[in-house]
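One structure, pasted below without further comment.
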Amino acid sequence: MSTSEHPPSPLFSSPAPEGAPGYLERLNPEQRAAIETTDGPLLVLAGAGTGKTRVLTTRFAHILLSGRAKPWQILTVTFTNKAAREMRERISFLLGEPVEGLWLGTFHALCARMLRRHAEYVGLTHGFTILDTDDQLRLLKQVMEPWRIDTKRWPAPGLMGVIQRWKDRGLTPARVTDTEDSDFADGHARAIYTAYQTRLRELNACDFGDLMLHVAEILRTRPDVLDQYHRLFRYILVDEYQDTNTIQYLWLRLLAKRTGYPSNICCVGDDDQSIYSWRGAEVENILRFEKDFPGAQIVRLERNYRSTQHILGAAAGLIAHNDGRLGKTLRSGKDDASGEKVLVTGVWDSEAEARAVCDSAASFHAKGQSLAEMAILVRAGFQTRAFEERLVQTGLPYRIVGGVRFYERAEIRDAMAYMRIVNQPADDLAFERIINVPKRGVGPAALQKLHAAARARQVPLAAGTQALLDEGGLKGKMAAQLGTLMNALSTTRDILTREGHVVAVEHLLEETGYLDMWRNDRSIEAPGRLENLKELVRALSDFGTLGEFLDHVALVMEHDENAGDAKLSLMTLHGAKGLEFDTVFLPGWEEGVFPSQRTLDEGGLKGLEEERRLAYVGITRARKHALIFHADRRRIYANWQPSMPSRFLDELPDEHIIRKENGAAPQQRLNMTDSVFANGPLTTRRRQDPMLADANTASFQLGDHVRHPRFGVGIIISADRHHLEIAFESGDTKRLLSSFIEKI
DNA sequence: AGTAGCGGACTTTTT
DNA sequence: GTCCGCTACT
């Protein structure tokens, strides 16, 4: 989802010309066609930066305002929560008021909503739990045990992947064929899959794949339910159609194909930006659209309002090397056809690359460009470290997008597990997670005993534990502590009904001793973890019930943390899809890194083409400057390896690029210094900018207590003209530029 | 029950 | 080079 192909315009502010409502103004003819072709199937091929989001949201508004449907009769599907949120905001903006009761969300969120209504058709109840990946894997490991699978050859995560791919393709255990089955885990995969699904039902739980799979299964087998949705959804809008997998496609087709009525489904996508085949996406879905929906119309959006001519030219030249495209040619929609060429820089090694990129970023920054408008886009996570180190040294504020997220932190997961067991006493996985956190003396042996007790009574683990306690089947310290735990759980449930979920959760975390566990923890992370828990409890109050909150966390899994300050973004190419920046740095364009060797090995030509699309996505993120880097040698794990420039570099048309091979790094460094410290016009800006006030260590003295935004509090143990050496509380000693060091 | 030590892996990732 | 998970001690 693009953030800002266009500056948002108040669509109702300008007077409408005769016959056309105001919101259709200032759209190009293709965009208008994509919006006004409301009835029948429509495929909108929207190249990068062609106003896709605007088309989708305006189309939604158009359907409403032309009286074709009510807000709740339009189904709008996105892939990410971010896209969904953005769409909701924009639609509200277009309509001039917040809209309620929309069927707008991610595939999974929409399916969760449907499944809550019809859970009993697939053996669940309304209050089912949605498991996270952690729990899925733990459950699968448990289920696998009886088969005594050689976990060297078939590790649980691998099998999980197999099951997920089956789910992506709409295969319930019964639909997995023998041939398919024989390929994995010595032919036991289907049986394990069956057992896994059974166990999920016993836990009244489902995983992410199940949300789609169960709903599709219900729609396939319950004509009455399907009919209900056919009546409800008059129009369907789908974003990022090239990323849909088979089950999502089936789900859409089931909902769109209404007997006696046209399929008013509009899918927006770009086959050139399909980069998720490895997690089940089928580009074929978009390539096949006309066959799937006979009479489908196709609109191509090819006018790009984002990037300069050279950036577009470079990207177009690159992607032209792919076969089997639906074919689009991006043209610049901008008047200024000039702009800078894409800069391709070759450097000596990966460290020089990090230096070159960061120095260039500093230089753009010195010229007045905001760090928020710059991004370093890497192929794989391991590449970020070199940049991170250099950025810290340079003192450029940055943020890593897609690192460890709030809801994935251990303390958050523990707290969530506590809430889950309160919400759903049958959630064995949650109970297992927290039974010995804090330590209650429950080891594997004791856990076995509890499992046995539960099984014997045919009750969930928590109930089994309670029963065993009541009968005096447990002894000593462990019995006492488990008693306290069970007691805390039951009092929490009381409070939940009487005083609401916020008070209940506070009580829960306190009485179970979970908060005390961190309060007594002397490690440096403990205070931070307590802060996170505080924040979690705060977030609780944004939701009406505990169940709603748990759903939100399971499905939405995001939490904005200090996104406030302008920071340079460091992320993977995958993570950058849908975003745009003035300046984009693309390091690591070397054979084996990008295109990734592993993709080539596993995916052959198809893999190569997906890598090329990834490169295309990378370049088209840039509005003004795209800078590509490659190093002659790179340190991979322990040793240095020579590396060849990426074949993609040869595919960039010469007229759109400038090559600056080797030795660029030291040169640029000098330039940076010059521009920062010598350029006249920058003086005023320099003063207010902490980074540019750099290289002045005079205001610090040995022994000063200081704070660094990243490393925390420390003491200066040595200093020269440019650097401070600081011993931090964490025990680390770092040599840093003084820019972001604050005296305390 | 807890941890030291060893061997193996090591793209991408949303929901 | 580093992290993670499993085994084998204490």
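All values below come from the heavy atoms of this structure, side chains included, with hydrogens, waters and symmetry mates left out. Computed from a predicted structure; not experimentally measured. Labels below follow one simple rule: chain letters A, B, ... track the order of the sequence lines, proteins then strands, and each chain is numbered from 1.
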Would you kindly compare Gly381(A) and Gly443(A) by the position of their nearest DNA chain B nucleotide and give the one closer to the 5′ end? Gly443(A)
Please work out if Glu602(A) contacts a base, only the sugar-phosphate, or nothing of the nucleic acid, heavy-atom cut-off 4.0 Å. base
If you only use heavy atoms from C-beta on, which nucleotide in dT13(B), dT15(B), dT2(C) is closest to the side chain of Arg279(A)? dT13(B)
5′-ward residue of the pair Phe107(A)/Lys439(A) relative to DNA chain B: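 Checking each residue's closest nucleotide, the 5'-ward one belongs to Lys439(A).
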Specify whether Phe629(A) and Phe585(A) have parallel, tilted or perpendicular ring planes, treating 30° as the upper limit for parallel and 60° as the lower limit for perpendicular.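 If you compare the ring of Phe629(A) with that of Phe585(A), the planes turn out tilted.
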Between C1' of dT15(B) and CG of Asp132(A), the distance in whole Å: 11 Å
From CD of Gln164(A) over to P of dT13(B), roughly how many Å is that when rounded to an integer? 15 Å
Whole angstrom value for the distance that separates P of dT12(B) from OH of Tyr276(A): 11 Å
Check whether more than 12 heavy atoms from other residues, nucleotides or ligands sit under 6.0 Å from atom CZ of Arg201(A), and answer yes or no. yes
Identify which nucleotide among dT2(C), dC6(C), dT15(B) has an atom closest to any side-chain atom of Thr133(A), counting heavy atoms from C-beta outward.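 Selected nucleotide: dT15(B).
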Strictly below 4.0 Å: does Thr572(A) bring a side-chain N or O up to OP1 or OP2 of dT13(B)? yes
Tell me whether the ring of Trp278(A) lies stacked over the dT12(B) base, given a 5.5 Å limit on centroids and a 30° limit on the plane angle.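 Yes, aromatic ring over the base.
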Reckon Val442(A) touches a base, only the sugar-phosphate, or nothing at all at heavy-atom distances under 4.0 Å? sugar-phosphate
Heavy atoms under 4.0 Å, any strand shown: does Phe208(A) hit a base, just sugar-phosphate, or nothing?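 Contact class for Phe208(A): base.
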Look at all strands and tell whether Gly441(A) reaches a base, only sugar-phosphate, or nothing, counting heavy atoms closer than 4.0 Å. sugar-phosphate
Out of dT15(B), dT12(B), dG2(B), which nucleotide sits closest to the side chain of Leu555(A)?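 For the Leu555(A) side chain, the nearest candidate turns out to be dT15(B).
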Nearest-angstrom distance from the residue atom CG of Leu110(A) to C1' of dT15(B):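 In whole Å, dT15(B) C1' and Leu110(A) CG are 12 Å from each other.
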Which nucleotide in dT15(B), dC10(B), dT13(B) has an atom nearest any side-chain atom of Arg598(A): dC10(B)
Is the distance from OP1 or OP2 of dT14(B) to the nearest side-chain N or O of Asn81(A) less than 4.0 Å? no
Do Trp278(A) and Tyr276(A) have their ring centres less than 6.0 Å from each other?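 Ring centroids of Trp278(A) and Tyr276(A) are less than 6.0 Å from each other.
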Using a heavy-atom cut-off of under 4.0 Å over every strand shown, decide if Arg635(A) touches base, sugar-phosphate, or nothing.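 Since no nucleic acid heavy atom lies under 4.0 Å of Arg635(A), the category is nothing.
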Just the rounded figure in Å: distance from P of dT12(B) to CG of Leu586(A). 17 Å
Measure CD/Glu389(A) against P/dT2(C) and give the value in whole Å, please. 9 Å
Please report, rounded to the nearest Å, how far the P atom of dA1(B) is from the NZ atom of Lys477(A). 12 Å
Using whole Å, report how far CG of Leu573(A) lies from P of dT14(B). 14 Å
Strictly under 6.0 Å, is that where the ring centroids of Tyr229(A) and His118(A) end up? yes
Using a 3.5 Å distance criterion without hydrogens, assess whether the side chain of Asp168(A) forms a donor-acceptor pair with backbone atoms of Asn245(A).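 Not a single qualifying donor-acceptor pair exists.
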Can you name the side chain to side chain contact (heavy atoms under 4.5 Å, CB included) partners of Met478(A), sequence neighbours left out? Val442(A), Ala446(A), Leu474(A), Leu482(A)
Please tell me which of the listed nucleotides, dG2(B), dC6(C), dT2(C), lies nearest to the side chain of Arg385(A)?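 Among the listed nucleotides, the one closest to the side chain of Arg385(A) is dT2(C).
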